[in-house]
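Let me begin by presenting the structure, written as structure tokens, before commenting on it.
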2 protein chains.
Amino acid sequence: MSGSVRRTTMPSIEIVAKEAGVSTATAGRALGGYGSVSRKSREAVLAAAERLGYRPNSLARSMITGLTHTLGVLVPDIENPFFSRALRGIADAAHERGWEVLLVNTDEDLALERKALSVLTERRVDGLVVAPTDVADRDALQAVVDAGIPVVLLDRRVPGLEADTVGIDNRAAAKDATERLLKLGHRSVALLTGGDEKLRPKLSRPGLRGVERLAATTVGARAAGYRDALVEAGIEPRPELVSAEGFRREDAAAATRRLLALPDPPTAILALDSLLALGVLQALRGLGLRCPVDVSLVAFDDADWAEAISPPLSVVAQPIYELGAEAGRLLLDRVQGSDKRFTHRRLPTRFIERESATSR
Amino acid sequence: MSGSVRRTTMPSIEIVAKEAGVSTATAGRALGGYGSVSRKSREAVLAAAERLGYRPNSLARSMITGLTHTLGVLVPDIENPFFSRALRGIADAAHERGWEVLLVNTDEDLALERKALSVLTERRVDGLVVAPTDVADRDALQAVVDAGIPVVLLDRRVPGLEADTVGIDNRAAAKDATERLLKLGHRSVALLTGGDEKLRPKLSRPGLRGVERLAATTVGARAAGYRDALVEAGIEPRPELVSAEGFRREDAAAATRRLLALPDPPTAILALDSLLALGVLQALRGLGLRCPVDVSLVAFDDADWAEAISPPLSVVAQPIYELGAEAGRLLLDRVQGSDKRFTHRRLPTRFIERESATSR
DNA sequence: CCACAGATTGAGAACGTTCTCACCCAAGTG
DNA sequence: CACTTGGGTGAGAACGTTCTCAATCTGTGG
């Protein structure tokens with residue numbers, strides 16, 4: 001432990017008891033509101049506490065009760081609007097029932113995620129909401145569960161883990177979005193996954209079983225849905241139209257330029273999150289092309305700017321806040337002793353048609 | 001305490017010690033890495049710990065050391081990109097030195113802020129980063145400081161509070177932005193503050209001393225800077241061009257429509273945050289007006305979409321991440337015993353000229 | 001062999017709560 | 001009057017660590 005120890009001067013229950021002329025047991029009862037205390041004692045204790053500026057020490061309380069009233073929350077990137085909105089939902093659900101939130105950014109880094117799980121376990125959080133990194137460490141998560149800390153997974157799933165999950169039906173949502181583009185007459189639709197380059201070959205040419213395995217991750221499930229729509233429409237998926245070249249805006253811009261330079265360029269693009277959509281728009285501007293007249297665009301997530309820009313963006317809106325709130329509620333139910341079977345809750349998405357996708 | 005008590009089965013140091021055949025004191029030394037332990041004992045203890053899946057209980061540790069290694073963070077709205085980015089800075093600074101972050105959303109609600117301060121005090125956080133609500137409760141904050149918990153204020157200041165503060169020079173930044181619009185030939189520049197309706201009369205007609213008092217809040221300081229620029233340019237400020245009609249996008253859109261319906265409408269608008277700018281853009285679209293040919297626009301904060309939309313938005317960029325990181329570092333310095341005088345750090349802003357503001 | 005420094009060890013206190021348990025006492029009951 | 005009932009009370013254990021301190025062990029130099 002580095003650093004000098006700061007010793008605060010906050011009075012303990014014992015001091016308050018002495019001041020009030022009663023035992024610590026009675027003072028504890030008066031302050032904690034349990035057991036039975038005479039009116040006289042209670043008033044004496046409360047007055048003494050007020051006078052001394054007594055604040056209960058919740059650490060000591062937690063030692064006894066075995067509850068920290070703290071929920072750990074692990075997200076890859078708090079700056080991502082998806083996670084900050086979901087976090088809001090989690091925090092609200094927690095506060096509503098008297099819990100606080102200990103937040104850790106994992107930065108999409110597996111080592112950090114493992115470290116965080118370890119730290120939060122030592123802090124004895126009552127439960128954990130985890131939005132796992134794409135390659136989440138099943139064993140590390142299972143170890144937490146085995147230690148008696150319930151876990152709820154948000155957005156992404158981890159096969160084989162004993163935990164509740166909350167998310168959307170990614171495959172269906174992506175399929176629906178793709179179908180809408182196809183219905184508008186687009187025959188060559190590109191997919192911007194934002195995923196890692198390593199993922200790309202798997203996304204574009206999954207084997208028969210490959211598609212199923214893919215569907216475990218969020219990106220994978222959406223890619224599978226995109227594929228589903230193409231196949232059902234009798235269109236042969238073209239690997240070069242599936243891009244997994246990074247999740248930053250610049251990556252998406254570069255990917256867009258590459259796509260539009262193809263001999264047979266796409267006439268529509270499906271972006272798997274709103275940051276990627278920004279990259280597309282930026283690239284189009286740079287190329288002197290216009291949306292939707294030259295290229296149609298549909299994105300996941302209804303960012304606050306989606307409605308305000310020109311053209312207003314057509315999006316697949318997820319109930320992000322509700323996802324977080326539901327995860328929080330589910331977790332607190334477990335913490336408070338629910339022994340129900342693990343549930344996997346899929347909340348409905350909503351396609352919001354604006355002006356960025358038109359018929360060809 | 002509501003809910004049933006979950007009793008985890010995690011082994012304590014005592015169990016580990018027994019398994020290893022040593023005393024709890026020795027086991028503690030071996031596990032904690034303090035004091036001196038023979039190689040043989042240490043190995044026995046570590047092996048036993050591994051076997052039993054021992055995880056130290058940081059609550060018990062905190063009881064003894066007086067340090068929770070936890071920083072409390074109070075923000076009005078975690079969904080606001082400003083705060084989520086600043087939070088990222090705080091969290092990174094904290095993690096770097098081995099601290100965790102307990103996050104509370106105050107929702108711009110004074111009662112919630114007070115409640116949160118109380119809860120975090122009881123949790124014995126080692127320090128607090130607070131982005132106070134506009135009408136922050138000085139006394140509640142001072143009580144925390146008096147209880148021995150150092151506080152660092154982020155973005156907004158609270159006059160008379162014994163705390164470090166980190167932010168930008170709001171008055172100068174707003175003055176600079178306004179001057180740039182004036183230099184482009186605009187003579188009637190509107191200001192969208194996003195503040196509360198109650199604030200408006202104060203903003204538009206501050207008395208001589210009023211300006212000084214105003215400058216204490218972020219919105220107030222920026223309004224003062226806007227005024228400074230006008231006055232220096234010899235332009236009489238027009239109260240009806242200063243809008244404080246709410247901080248949501250729709251509020252800004254409505255305000256814009258009102259402004260442009262004036263007999264002598266503004267030719268340029270300065271929006272005090274990026275969400276308000278979105279409202280302006282949305283209103284312009286609705287009115288069939290174009291930016292910048294019909295109305296110029298400059299906003300605070302370089303949102304991710306600012307560069308990608310049409311036209312790319314000219315902005316006053318704050319070093320948001322650095323503000324958070326600096327607040328975190330300053331706080332940890334205090335926690336670890338720095339007794340320096342309170343500092344008020346102003347980080348530099350940067351005007352990014354893009355295409356939303358042109359000469360008239 | 002003895003004295004001594006330094007490493008190693010364990011008993012037990014401490015942190016600030018909640019919980020268990022026995023005890024006291026006043027008020028009722030037969 | 002003896003006997004129960006139950007609210008009110010305080011002593012002390014418990015939670016799981018770290019810290020203090022005295023005791024024991026080890027090896028070294030004389």
Side-chain angles (χ1 to χ4, degrees), chain A residues 1-45 49 52-69 121-124 147-148, chain B residues 1-45 49 52-69 121-124 147-148:
Chain A
M1 306 297 96
S2 66
S4 75
V5 174
R6 178 175 51 78
R7 188 134 305 287
T8 59
T9 160
M10 297 201 217
S12 66
I13 261 193
E14 198 181 335
I15 308 292
V16 174
K18 201 160 292 174
E19 168 91 4
V22 299
S23 71
T24 66
T26 300
R29 279 185 284 254
L31 292 166
Y34 55 92
S36 79
V37 196
S38 71
R39 213 171 70 111
K40 203 174 129 207
S41 296
R42 176 168 38 244
E43 282 170 3
V45 170
L52 299 174
Y54 169 78
R55 317 304 318 276
N57 183 326
S58 65
L59 297 171
R61 176 178 297 155
S62 292
M63 293 274 321
I64 292 292
T65 62
L67 275 183
T68 54
H69 282 257
T121 304
E122 298 186 0
R123 301 218 165 205
R124 300 296 193 265
Chain B
M1 302 302 97
S2 66
S4 74
V5 174
R6 177 174 51 79
R7 188 133 308 286
T8 59
T9 160
M10 297 203 218
S12 67
I13 261 194
E14 198 182 334
I15 308 292
V16 174
K18 201 160 290 176
E19 169 91 4
V22 298
S23 71
T24 65
T26 299
R29 280 185 283 254
L31 293 166
Y34 55 92
S36 81
V37 196
S38 70
R39 214 171 72 111
K40 205 174 129 207
S41 296
R42 177 168 38 245
E43 282 170 3
V45 170
L52 299 174
Y54 169 79
R55 316 304 319 276
N57 182 327
S58 64
L59 297 172
R61 175 178 297 156
S62 293
M63 292 275 320
I64 291 291
T65 62
L67 275 182
T68 53
H69 282 259
T121 304
E122 297 186 0
R123 300 218 165 204
R124 300 298 193 263

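All chains are named by letter (A, B, ...) in the order of the sequence lines, taking the proteins before the strands, and each is independently numbered beginning at 1.
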In the structure I gave you, are the side-chain heavy atoms of His69(B) and Arg61(B) within less than 4.5 Å of one another anywhere? no

Separation of atom CG in Leu67(B) from atom P in dC19(D), rounded to whole Å: 11 Å

Tightest non-hydrogen contact, residues Ala27(A) and Val22(A), listed as N-CG2, 4.1 Å

Can you find a pair of side-chain heavy atoms, one from Arg124(B) and one from Asn57(A), that are under 4.5 Å apart? yes

Taking for each residue the nucleotide of DNA chain C bearing the nearest heavy atom, is the 5' side occupied by Arg29(A) or by Glu14(A)? Glu14(A)

Spacing of His69(B) atom NE2 relative to dT18(D) atom P, expressed in whole Å: 11 Å

For Leu52(B) and dG16(D), give me the distance from atom CG to atom C1', rounded to whole Å. 15 Å

Expressed in angstrom and rounded to an integer, what is the separation of Glu122(A) atom CD from dT18(D) atom C1'? 15 Å

The side chain of Arg61(A) is closest to which nucleotide in this list: dT9(C), dT18(C), dT9(D)? dT18(C)

dG10(D) OP1/OP2 closer than 4.0 Å to side-chain N/O of Thr26(A): yes

Atom CZ of Arg55(A) and atom C1' of dC15(C): how far apart are they, to the nearest Å? 19 Å

Taking the side chain of Tyr54(B) as heavy atoms from C-beta outward, which of dG10(D), dG16(C), dT17(D) is closest to it? dT17(D)

Ile64(B) has a side chain; which of dG16(D), dA11(C), dT17(C) sits nearest to it? dG16(D)

Whole-Å distance between dC19(D) P and Ile13(B) CD1? 11 Å

Specify the closest pair of heavy atoms between Leu52(A) and Glu19(A), including all atoms of both residues, with the distance to one decimal. CD1-CB, 4.0 Å

In residues 31-39 of chain A, what residues come within less than 4.0 Å of DNA chain D, judged by heavy atoms? Ser36(A), Val37(A), Ser38(A)

Would you mind reading off the distance between Lys18(B) atom NZ and dG10(C) atom P, rounded to a whole angstrom? 13 Å

Side-chain N or O of Ser41(B) versus OP1/OP2 of dT9(C): is the shortest distance under 4.0 Å? yes

Taking atom P of dA13(D) as reference, at what distance in whole Å does atom CE of Met63(A) sit? 17 Å

One should read off an interatomic distance between Leu31(A) CG and Ile13(A) CD1, to the nearest 0.5 angstrom, of 5.0 Å

Need the bend value for the helix from dC1(C)-dG30(D) to dG30(C)-dC1(D): angle between end axes, 5 pairs each end, nearest 10°. 60°

Solution key, residues 33-44 of chain A side-chain donor-acceptor pairs under 3.5 Å, sequence neighbours excluded:
{"from": "Ser38(A)", "atom 1": "OG", "to": "Ser41(A)", "atom 2": "N", "distance (Å)": "3.2"}
{"from": "Ser38(A)", "atom 1": "OG", "to": "Ser41(A)", "atom 2": "OG", "distance (Å)": "3.0"}

